[in-house]
Amino acid sequence: MNVTLSNQQSDHLHRIAVLQGHADPECALAFLIDQAAECLCLDRLAKAADLAVKSDDLIPSHHMTYDEWLEWTGKDDSFAGNGLDIPGTADLYDAAIYAFESAVAVDS
């Protein structure tokens, strides 16, 4: 894929490369693309986990440790998910606790 940058964009990319310690702007661009893709994946995974805990009623009524939550839900903590759009058990726990804490904050 070819990308055409304006002079200003090229200058910005060169400065980013220098700040990141990359040898050339292409490495800096590849790094930025990787970071953006990772952020998109994490955001997608978090949204999938949020939907799953709401639809499966996995949000506790009080703060629980991971082990307590596993016992309460009957979930198996060996399920890792796919890191994209299928949340693992730990992702579900994070979403459940976040939802609980958000509800508590709204009630306060």
Side-chain angles (χ1 to χ4, degrees):
M1 174 171 75
N2 292 326
V3 177
T4 303
L5 301 175
S6 69
N7 288 339
Q8 183 181 16
Q9 289 170 324
S10 181
D11 289 344
H12 287 303
L13 191 55
H14 181 66
R15 276 182 278 201
I16 290 169
V18 169
L19 288 172
Q20 292 177 341
H22 294 295
D24 54 51
E26 289 81 11
C27 290
L29 183 57
F31 175 79
L32 291 173
I33 290 170
D34 285 347
Q35 292 293 342
E38 185 177 333
C39 287
L40 288 172
C41 288
L42 291 174
D43 185 54
R44 185 175 173 185
L45 183 61
K47 286 178 181 175
D50 290 344
L51 287 173
V53 297
K54 289 176 186 169
S55 66
D56 292 342
D57 198 26
L58 301 175
I59 302 168
S61 59
H62 62 281
H63 195 279
M64 295 181 173
T65 66
Y66 184 59
D67 290 334
E68 291 170 329
W69 184 82
L70 287 174
E71 187 175 321
W72 178 70
T73 62
K75 293 281 184 192
D76 177 357
D77 88 325
S78 65
F79 184 67
N82 69 359
L84 296 172
D85 56 358
I86 300 174
T89 307
D91 300 316
L92 294 176
Y93 169 75
D94 290 342
I97 294 303
Y98 179 78
F100 163 73
E101 290 171 350
S102 296
V104 169
V106 168
D107 291 342
S108 298

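- To the nearest 0.5 Å, atoms CZ (Arg44) and CD1 (Ile86) are separated by 9.5 Å.
- Nearest heavy-atom pair, Ala99 versus Ile59, reported as atom, atom and distance to 0.1 Å: CB-CD1, 3.6 Å.
- The number of heavy atoms from other shown groups lying within 6.0 Å of CG (Asn7) does not exceed 12.
- Shortest non-hydrogen contact noted between Ala80 and Asp91 is O-OD2, 4.2 Å.
- In this structure, Gln8 places its CD atom where only 12 or fewer heavy-atom neighbours from other residues, nucleotides or ligands lie under 6.0 Å away.
- Under the 3.5 Å distance criterion, the side-chain polar atoms of Tyr93 are left unmatched by any main-chain donor or acceptor of Asp67.
- Salt bridge present: Lys47 and Asp43 bring a charged side-chain N and a carboxylate O closer than 4.0 Å.
- Residue Glu71 places its CD atom among 12 or fewer non-hydrogen atoms of other residues, nucleotides or ligands, all under 6.0 Å distant.
- Contact of the Tyr66 side chain with the Ile97 side chain is not registered, since no non-hydrogen atoms from C-beta on lie closer than 4.5 Å.
- When atom types are taken as modelled, the side chain of Trp69 and the backbone of Asp94 share no donor-acceptor pair closer than 3.5 angstrom.
- Under the 4.5 Å side-chain contact rule for hydrophobic residues, Phe79 and Leu45 do not share a cluster.
- Residues Glu68 and His63 have side chains not in contact (no heavy-atom distance under 4.5 Å, counting atoms from C-beta outward).
- For the residue pair Asp76 / Ser78, a side-chain donor-acceptor distance below 3.5 Å is found, with atom types taken as modelled.
- Linking Ile, Leu, Val, Met, Phe, Trp and Tyr residues whenever their side-chain heavy atoms come within less than 4.5 Å places Phe100 and Leu70 in a single cluster.
- In the hydrophobic clustering of ILVMFWY residues, with side-chain heavy atoms under 4.5 Å counting as a link, Val104 and Val53 come out together.
- From Leu92, atom CG reaches atom CG of Asp56 across 8.0 Å, with rounding to the nearest 0.5 Å.
- Between Leu58 and Ala52 the shortest heavy-atom distance is CD1-O, 4.5 Å.
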